[in-house]
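As structure tokens, the structure follows; a few thoughts come after it.
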Amino acid sequence: MSVTRYTKMAYSSADEMVFGTAKSPVSYGFGIKVGAGRVIPELNYAPRPGSEKDPARLAKEYVDYISKDVLERAVTVGFPDVQLETEWVSQMGTPKMAIPVVEGQKAICEKYHEEYGINCAVRHTIPDQREAGEEGLRTGMKGHHAYPEALFKAAEVACENGADVFSVETMGGKELSDYATTNGDVVAFLFGVGYLGSIDMEYVWKEFVNICKKNKTIAGGDTNCAGANTAMFMAGGYLDNDVQRTYSAVTRAIASARTLVAWECGASGPDKDCGYEGPIAKSIAGKPCAQEGKNCQCAHCDLQGNLMAQVCDLWSNESVEYHPEFGGSSVQCWLGSLGYEVSLMNTAIATGQEKTLRDLYMISDRSRGPEGYVLAYDNAYKIGEAIAKEGNNLYLRSRAAGITAAKLIKAGNEAKEIALTNKQKDVLVNIIKDLEALPDSEDKFFEYCDKKYSDLVPLYNKKNYGF
Amino acid sequence: MSVTRYTKMAYSSADEMVFGTAKSPVSYGFGIKVGAGRVIPELNYAPRPGSEKDPARLAKEYVDYISKDVLERAVTVGFPDVQLETEWVSQMGTPKMAIPVVEGQKAICEKYHEEYGINCAVRHTIPDQREAGEEGLRTGMKGHHAYPEALFKAAEVACENGADVFSVETMGGKELSDYATTNGDVVAFLFGVGYLGSIDMEYVWKEFVNICKKNKTIAGGDTNCAGANTAMFMAGGYLDNDVQRTYSAVTRAIASARTLVAWECGASGPDKDCGYEGPIAKSIAGKPCAQEGKNCQCAHCDLQGNLMAQVCDLWSNESVEYHPEFGGSSVQCWLGSLGYEVSLMNTAIATGQEKTLRDLYMISDRSRGPEGYVLAYDNAYKIGEAIAKEGNNLYLRSRAAGITAAKLIKAGNEAKEIALTNKQKDVLVNIIKDLEALPDSEDKFFEYCDKKYSDLVPLYNKKNYGF
Amino acid sequence: MVSHKGVDYTKILKRYDVEAQNETTPESVAKKMLPSDPTLKKVAETVLYMKFKDVGPAVTEALKTVKPLSVINDGLVVGMECVAKLYAEHIYYLPEIMMAAKTMEIGIAIAEKQIPGGRETKGLVVMHAAEGDPHDIGKNIAAVMMRSSGYSVIDMGKDVAVTDVVAEVVKSKPMLITGTALMTTTMTAFPHAAEQLRGKGINTPFMAAGGAVNRDFAESFDLGIYSEKAPQTPPIADKIKAGYDWRKIREEWDNIVGGA
Amino acid sequence: MVSHKGVDYTKILKRYDVEAQNETTPESVAKKMLPSDPTLKKVAETVLYMKFKDVGPAVTEALKTVKPLSVINDGLVVGMECVAKLYAEHIYYLPEIMMAAKTMEIGIAIAEKQIPGGRETKGLVVMHAAEGDPHDIGKNIAAVMMRSSGYSVIDMGKDVAVTDVVAEVVKSKPMLITGTALMTTTMTAFPHAAEQLRGKGINTPFMAAGGAVNRDFAESFDLGIYSEKAPQTPPIADKIKAGYDWRKIREEWDNIVGGA
Ligand code: B12
Ligand code: B12
């Protein structure tokens, strides 16, 4: 597959973007149409401890319990569409464990679609179990688990046996982003995620897109869960004190340049809910994106619960462990939450009020923290423009994303739009300084970072990225 | 206390009603102002099994785990207000079990208020453990638990030890509503809930209001959980087949006439979240009401998840059992859900878009089922008018509420606004017939029902209602 | 005000209940299931159509030519089976179940008198709602279902002390005990009751049910078995009658309730 | 478009983080805690201000007049204690902890060489992330916290097989084992590991931690104890050092971690 870089914006203005509609809608599964004028709930779940013990148990858990509960509840409340997402547990690395789940979920979707006419589909998100360091992200390295062959094998298993949408959260750059976030080093993040991560994405996504094409599976997309989400998760809320939210906000912008690569390799979206960079990526590419927020409290609580709904096409709960509640099983309770939120968005679309609701979502969290601030669709659009402008250079575009985000926050703070603690300000100022001090030449940047992080990050190994 | 019946509407039009504002706002606790221009999240919880074993354990569960988790999360995400609701478990009937909980929750609210400036308060909802039949709802009957004395004693314990708001879900009429709902007999429901239930409400609420006054506790209100909620719960969703939703919708309207009585006895609101009759009651009385819907999926899923937010002043999760989730403890996850929804509503208020959002909530579920249809604020207002018109007669006003609701559904169905199954239609037609066939005289109505249900409902005993 | 007129609701919701409504009539189901014998058919129809005024005469009439046990099993019970089928197909609802069951019971009472020594039921079940728990509708419904499937029931009511439950079980030796709890703080009574029963050497399955109870909890103590919905109880009870102990019920639970 | 200009945000949210920010400076905390001896103070300050270029010279200088154990305990460790205090008060954050710890370790390495037989740590801890689990940041942070509180750590990394964990414990006899799991399907490795350890007569507490693990789970198997956050580990380890077994840790858990 060839790679086509984005150098222009898909939308002519920020205001043009809204939830439920994407420039390039995608259809799949049993009647699902994403980005085609209405939002769709996407429900994700984790099996109960112990169900991973054997293939029959795992399939029963995913199909007879979880999927059935979800579809049943969707019909009970009148939701017209529902998408299931199975994030593979590590045990599904072996086909014997994975196949019954993939087949079973396909079959139960078909059953409910035929019986009730509900639109439904399953996204399979396979794990990237490659390991950096000597182990190796590429073929021909030491990898005792024989990755990346195993990764591509898992993709085949998913696609051949019934996945409607395919996703991965790839690991490229993680060794550096782990270091970056725990040590507050934004350059390490830029190097790991923005640069090396993008290179790795290209390596794996060309192959994923081939596998998907062959099997008529939709190639959804990737997200930088390992980087920007870890940062956001650790930055937490007002009582947390591990990572600064100004740092986390900037990592998000950098990650968006990486996330784009899957689409540049031919994936079509919808990308993954935990890619909070969705508004930025969508502004550039016009492809549908899944998002999460208010109704993913089961999985985590961040500071942009409403805002993230502003331009979503699928609305997700991130993940919930399967267990009973007064109101049914946990997956049913969270589907209810998602489904009603989606109903509200679709009501807004049906009555021509979608931009008003979008703005209410956005204003609710615009000032809650710097992460939401940079993702507010107007700011997201500006970051998108910065990326598109340098679209052909993986390094320069990620750096531009980071600098733009940081400066937007700074300007917003000066304009009293977004309050910051002194610590958040200090970190922000240093980020701008550090990013601006970097050379403009990709080669020099690589040389500088390669040397610096070879010392600091034991697992860093440039062979993983084809150097 | 004297009783002042409502014979006029508090609002001059349906469109005047909106979430976050009530004609008569109420202030209490540590900075809480309900109905005064912004909506407040109210979080309710059930202790883990086993925590009821001794007073220390129960207090620890409610205070150190549940309340602390909630307050902590509220601060973490930046929610300006939070209300806790403790629905007493039956073991709290003894003061030894109840007092440490009430005192402890007060103290922890004070602590967080002082430390962070968060506005907070606790509602205590005591259980009505009186039993119909020979046991007796009134003093001087056989009641082996010595109720209603125990009920008033529990109210004193709550108010004297720190309850900010006081509520009960009283049982008057339950023996008849249980029969009515399982047998589909709307007249039994009218007699039990609309008529006898209202009489019982007056009996107990005069006393509750006295107790609250004495202790400077806010007398919140009552709800017909035992009647209309049981019906709604059993009517369930599209795949349930126990009770018809047209029946359930009519019982809701009837219940609203009963719920009013607490306020007529001097209570000030906010009433209880599970009183889905809130929009009707608020239209008549202008007092603030708590509601639940989309974000109470942990407790149950009904067909008006968005609609119920339309005119709420507090927004509740109904109840969740305390347990861990990926995103924190269950109470934290549901607080996050509530809080973000409230933030959306308050954003709408702050930007002057509250009526638009209200209408989106309403339209989302207006056609989902007959229960939501009669509670849509325009229809709720019409039912309110029917009640106010007959405000002085407990029987006639409940009957008017029931007939009006039934006819609204019928007209809506004919106008193709609300689809009905044939079964729902049949039941609806019979309800109208049955209610219209009743005598206009209260005495004759009593005579007829007294005779009929003495045979059919073994627990029915008119002595319970002072006859 | 945003208008709801002319809104395209297909984007927002789908009325599966209206779309899926079953146009089958009670008559068409009855045609396949009712007995062909006209006398018994008449008896069954009184149950099917909930005619509790007519059931007495119909049964009395039938008893003239048909053995009492046959009037019950081939008439009244068959009528109730039709009702159950109609309920499963969403044509009948709870009120119909309740009224049909009542009709059937009137009929059984009359027929039974003619059976020397009374009718033998499938077995005895002791039912109650937990100590401190006022939620009893679910239990009441389950009791009706059990009676209509041919079991006799001792309904101890709600808020029943553990000691009373144990005493009743010791006294009446049921084949199954059921407890209903809708509160997390009352369901803890069940393991206590089960423990006391075990202490007395009683191994009768103890079915824990009701909104607060889940399968994990119900199976967390010896004797405990689970039932989620009232209609699931008869198939479980049938297995107990067939000799399953509580362990075996647990093992095969998914299969047993699969159809219910 | 709805404008956000001029919106009254006080109705919507409250920036508790900005309102509550602590104006205390590292200097003011340091003033109260740093050693008065100027040489040791200088050593402590290199840790406090994360100067890993200066720590070597400062320690070397100090070793000329101060005993190596004192350089460590009264200089480097005191500096780290200041850092912990600043972290607790939300003045320092994770990066400062990481860098200060690194600084301290450089200093300790130098001083240690001068102690015959090496320095004795408070105890040995074996740490790992569960088999199949790639989530290791929490473990890495906890490892740093443990090292900075004076424990030595064998960090086995992530995705560590149960058999490897058991083998390492048998070999190196730690006072505490920790396992991190962020997935419901990987945390089940812990009870297996604990069982195998018990089988070998090992009773070392097995701390189960990480996002997926909760206290109920951690305490559902023998040896298992819980820790919610990385900073809670040192106080628990201190109790184990003081002689508590896993049962006693469980009993007093709330009190032990209360302050952390
Ligand atoms: C109706 C209702 C009431 C009614 C009960 C009327 C009645 N006659 O039962 C009334 C108003 C009395 C009531 C009171 C209270 N309630 Co209430 N109530 C409910 C509600 C809304 C619905 C319950 C119901 O009837 N469901 C319908 C029936 C049919 O369902 P079911 O009983 O579960 O039965 C089904 C199955 O479980 C099964 N089943 C049940 N029993 C059996 C037995 C057998 C053998 C089998 C096979 C099957 C079976 O079959 C049925 C369906 O097929 C629930 C909400 C909920 N989510 O459950 C709250 C709920 C149960 N109540 C709750 C509470 C807290 C209370 C109060 C304590 C509140 C208060 N402080 O006043 C009081 C109790 C006071 C006291 N005495 O202690 C909480 C419990 C929380 C907790 N701690 O666990 C709930 C969950 C509501 C909430 N807050 O979320 N309540
Ligand atoms: C970041 C992250 C990742 C990163 C991990 C990076 C890294 N180096 O660790 C990456 C991208 C690799 C990742 C991958 C996956 N992840 Co992930 N991930 C997360 C995320 C967003 C945050 C986790 C995190 O780092 N938190 C911050 C750290 C600091 O927290 P922590 O580890 O819990 O540590 C704290 C405490 O637990 C404690 N602690 C931890 N260890 C120890 C040890 C001791 C001794 C002590 C005292 C304390 C302690 O201290 C810390 C704080 O003080 C979570 C979301 C969540 N809700 O947890 C999902 C999550 C854990 N991931 C999940 C999943 C499903 C996956 C994948 C399987 C997805 C997929 N199909 O691709 C893959 C794994 C693939 C595989 N190999 O099997 C699910 C797990 C669901 C489940 N089944 O249980 C979660 C919950 C997300 C979700 N869907 O909701 N993930």
Is it the backbone or the side chain of [X] that comes under 4.5 Å from a heavy atom of chain C, or both, or neither?
X: B:Asp378; result: side chain
X: B:Tyr322; result: neither
X: B:Asn183; result: both
X: B:Asp240; result: backbone
X: B:Thr230; result: side chain

Does a side chain donor of either [X] or [Y] reach within less than 3.5 Å of an acceptor in the other side chain?
X: B:Glu417; Y: B:Tyr373; result: yes
X: C:Tyr151; Y: C:Thr233; result: no
X: B:Ser51; Y: B:Tyr65; result: no

For chain C, the option from B:Met234, B:Lys423, B:Lys53, B:Lys174 that forms the most heavy-atom pairs under 4.5 Å: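 Among the listed options, the one with the most contacts to chain C is B:Lys423.
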Counting only non-hydrogen atoms closer than 4.5 Å, does [X] touch chain B with its backbone (N, CA, C, O), its side chain (CB onward), both, or neither?
X: C:Ile12; result: both
X: C:Glu19; result: neither
X: C:Tyr16; result: both
X: C:Lys102; result: side chain

Aromatic contact, C:Phe206 with C:Trp246 (centres under 6.0 Å):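 Judged by ring-centre distance (under 6.0 Å), C:Phe206 and C:Trp246 do not meet the cut-off.
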For chain B, the option from C:Leu13, C:Ile91, C:Ile141, C:Val144 that forms the most heavy-atom pairs under 4.5 Å: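 So the answer, after comparing C:Leu13, C:Ile91, C:Ile141, C:Val144, is C:Leu13.
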Salt bridge present between B:Arg48 and B:Glu321 (N-O < 4.0 angstrom):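 No salt bridge links B:Arg48 with B:Glu321.
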C:Lys158/C:Asp133 ion pair, N-O < 4.0 Å: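 So C:Lys158 does not pair with C:Asp133 through a salt bridge.
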Parallel, tilted or perpendicular, as decided by the 30° and 60° cut-offs, for the rings of C:His128 and C:Phe190: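 Because their plane-to-plane angle is over 60°, the rings of C:Phe190 and C:His128 count as perpendicular.
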